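What you see is a predicted model; the values in this text were computed from it and never measured. Just so we're on the same page: letters track the sequence lines, and every chain starts at 1.
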Amino acid sequence: MGSFLAFAQICQKAAGIGSSLEKVEILAGYLRDLQEADLGIAATFLIGEAIPGQELGVGPSILYDALARAMGCTPGQVADLMRSTGDVGLVAAAAAEKKRPLSLAAFAGSDGLELAEVQGRFMAIARASGRGSQEARVKNLHYLFSEASPLEAQFIARLAMEDMRIGVGEGLARDAIARAFDLDPEEVERGYNLTSNLELVAKRAREGRLAELGVAINRPVKMMLAQIGENIPAALAQGAVAVEWKYDGARVQIHKDGPAIRVFSRRLEDVTASLPEIVQVVRERVWAREAILDGEVVATGGDGRPMPFQDILRRFRRKYDVDRMARSVPLKLNLFDILYLDGEDLLNRTLQERRRLLTKAADQGILADQVVCADQAAVQKIYDEALAAGHEGLMLKNPSSPYAPGKRGKNWLKIKPVMESLDLVVTGARWGEGKRASQLGSFRLGCRDVQTGELLDVGWVATGLSEDLLAELTGILRDLIVKESGMEVEVAPQVVFEVGYEEIQRSPSYSSGYALRFPRLIAVRDDKSPEEADSLERISEIFRIQRGRAGS
DNA sequence: TGTGGCTGCCC
DNA sequence: ATTCTGC
DNA sequence: GCAGAATGGGCAGCCACA
């Protein structure tokens, strides 16, 4: 029988090992000796998937509730512990230390939790819906904590958050499965990328039947991803590239089985019901009987320019008012790849070959434009056109590369412009978690309102900081704290950050009315005072002219 | 019945 | 999404 | 160069609660 304690001990061990190879070795040894059912559970648990492909509906709020109940304290006290430890796992371990036993079994010293029992509780948590469902989730978590030893509780809490933080992700889990059953890691990786189901992959690996996992209609394939490219000349160094616009939209993978059409999102969610016009256009303009197609949908306004990304978000996952919203935010399909055609897996064909087949399989009008080109000036011209049209930049792809599911490699490069940065005042901060425990991990930003002299919120920044800088900033800002509540602090406005971003968005939640898309710290401006920070006027002016709007 | 907080997922 | 870090 | 970790804005749907 697979004990959850043994799993937790392996997690603890893995978390303490730096070397990936050593980590894989230990995980492999553990997985190898499990029975089939436990192997499936343990494999998915390792990557923080409580139940393959299902939502738990548990976040910090419900988890802290359950922990508070287990410890017999208030959620506020749990939040205090979070601030000092920055780790739900450690808080849960503490809860298990001082728990009040729920059941007689716990008094008597229970037999310990089984992997299957823990997953069963998570299933009950995932199934809960409707009135009283949040209470049901809390109760099931509370039960698990009441039965758990401190070490078990640590990883139950991390599982509930679907975030194990043991330095094991999909990559190492795959390698561990391969090592456990003496298989080629590439084969395991292929099986996983074609099914996204580590439980299934682990079981098939054990049986030596990985080869049975192939490309099939209605089984979404992990999407191939792009790396950031340096610039156009560097991308052209290896020769000609396939050039496409990088659309500011949402990725879709479309499965067509005759008249039956399904649309999957980047995370392979079925979004068919939200996108009726995409289904319709595929029905009318894809000639292939069976196909798996890859593309990007963009919202297009009356002027033919792309609508803000926020509008696309209003379409995805929508269940109600779908038709009305389809009229106000119409989506256009831009197909750029084909992975499967009439019974044939095309993954190992070259991009050039796939493009040729795509051209035959669908109407030109729903394909993303593509040219194969080795000339720097010509690529630059397309780049300028993409930006002038309001899109993000270019995709430059290696014409002779296969479709590599789930890979983010140099065969697909994205080229985007660097926006001029903003100098913004740090007005607050938030205590971090994990690696950033007991440090300030994200920073609230303000711009100047010239009329009133006030600082207006433009959001937060939390990336672009090295560990040294993080520590230094914590030291500086700690002395500037004027107010503290929960995980957040307010600081006297003295520090100025130079902040980079991709785009300025209208914001419904920040007082300036604007927010930055993908904010990152470029530098701390020791040389600038808050009075010299950028103004709301400057932000709204950049907003007005960005992305080739106005003045071009 | 309306609303605000929470969660998951787009980027 | 972006960015930093250790292997 | 890769994989993992820590973090951003903003949307819909759902649930709790007033």
Does the cation-pi check pass for R121(A) over Y143(A), that is, NZ or CZ under 6.0 Å from the six-membered ring centre and within 45° of its axis? yes
Are Y192(A) and E170(A) close enough that a side-chain donor and a side-chain acceptor fall under 3.5 Å? yes
Side chains of residues 183-191 of chain A: which donor-acceptor partners sit under 3.5 Å, not counting sequence neighbours?
{"from": "D184(A)", "atom 1": "OD1", "to": "E186(A)", "atom 2": "N", "distance (Å)": "3.0"}
{"from": "E189(A)", "atom 1": "OE2", "to": "K407(A)", "atom 2": "NZ", "distance (Å)": "3.3"}
{"from": "R190(A)", "atom 1": "NH1", "to": "L213(A)", "atom 2": "O", "distance (Å)": "3.1"}

How about F155(A) and F7(A): are their ring centres within less than 6.0 Å of each other? no
Indicate, yes or no, whether a donor-acceptor pair under 3.5 Å links the base of dT7(D) to the side chain of T463(A). no
Are side-chain N/O atoms of T74(A) and Q77(A) paired as donor and acceptor at under 3.5 Å? yes
Ordered by number, residues from residues 9-22 of chain A within less than 4.0 Å of DNA chain B (heavy atoms) are none
Can we say D270(A) and R262(A) salt-bridge, meaning some charged N sits less than 4.0 Å from an Asp/Glu carboxylate O? yes
Where the side chain of R315(A) meets the backbone of S274(A), is there a donor-acceptor pair that is under 3.5 Å apart? yes
Flag for S466(A)-D468(A): side-chain donor and acceptor within less than 3.5 Å: no
Look at the rings of H391(A) and W245(A) and say which category their plane angle falls in: under 30° parallel, 30 to 60° tilted, over 60° perpendicular. tilted
What is the distance from CG of L465(A) to P of dG8(D), rounded to the nearest Å? 11 Å
Go nucleotide by nucleotide along DNA chain C from the 5' end; which of K435(A) and L225(A) gets its closest nucleotide reached first? L225(A)
Is the positively charged end of R549(A) above the ring of F543(A), judged by distance under 6.0 angstrom from the centroid and angle within 45° of the axis? yes
If a protein heavy atom is under 4.0 Å from the base, mark B; if only from the sugar-phosphate, S; if neither, -; do that for nucleotides 12-18 of chain D going 5' to 3'. SSSSS--
For a quick check of understanding: with a heavy-atom distance under 4.0 Å over all strands, which category does Q439(A) fall into, base, sugar-phosphate or nothing? nothing
A side-chain contact here means heavy atoms from C-beta on lying under 4.5 Å apart; do L159(A) and L56(A) qualify? no
Whether K13(A) engages the ring of Y30(A) as a cation-pi pair (distance to the six-membered ring centre under 6.0 angstrom, angle to the ring normal within 45°) should be assessed. no
Could you tell me the separation between the CD atom of E162(A) and the C1' atom of dA6(D), rounded to a whole number of Å? 17 Å
Residues of residues 505-525 of chain A with a heavy atom under 4.0 Å from any atom of DNA chain B, listed by number, are R517(A), F518(A)
Looking at Y501(A) and L422(A), would you say the former's side chain and the latter's main chain have a donor-acceptor pair under 3.5 Å? no
Can you tell me how far P of dC11(D) sits from CD of Q310(A), to the nearest Å? 5 Å
Rounded to whole angstroms, how far apart are CG on D248(A) and P on dG10(D)? 14 Å
Does R517(A) make a cation-pi contact with F309(A) (under 6.0 Å, within 45 degrees of the axis)? yes
Once rounded to the nearest 0.5 Å, what's the spacing between atom CZ of R179(A) and atom CD1 of I26(A)? 12.0 Å
With the threshold set at under 4.0 Å for non-hydrogen atoms, list the residues of residues 401-421 of chain A touching DNA chain C in residue-number order. K414(A), K416(A)
Winner on side-chain proximity to L172(A), out of dG4(D), dA6(D), dG8(D), is dG4(D)
Taking the minimum atom-to-atom distance to the side chain of A462(A), which one of dA6(D), dC2(D), dG8(D) wins? dG8(D)
So where does chain A start and stop touching DNA chain B, 5' to 3', when the test is distance under 4.0 Å to a non-hydrogen atom? dC6(B) to dC11(B)
Taking the nucleotide of DNA chain B with the closest heavy atom to each, which residue, G59(A) or E269(A), is nearer the 5' end? G59(A)
Looking for any heavy atom pair under 4.0 Å, which part of the strands does R430(A) touch: base, sugar-phosphate only, or nothing? sugar-phosphate
Can you tell me how far the CD1 atom of I415(A) sits from the CG atom of N231(A), to the nearest 0.5 Å? 6.5 Å
Using atom P of each nucleotide, how far apart are dC11(B) and dT7(D) to the nearest Å? 22 Å
Whole Å only: how far is the OH atom of Y192(A) from the C1' atom of dA3(D)? 13 Å
What I want to find out is whether K416(A) reaches E503(A) closely enough, with some N-O distance under 4.0 Å, to be called a salt bridge. no
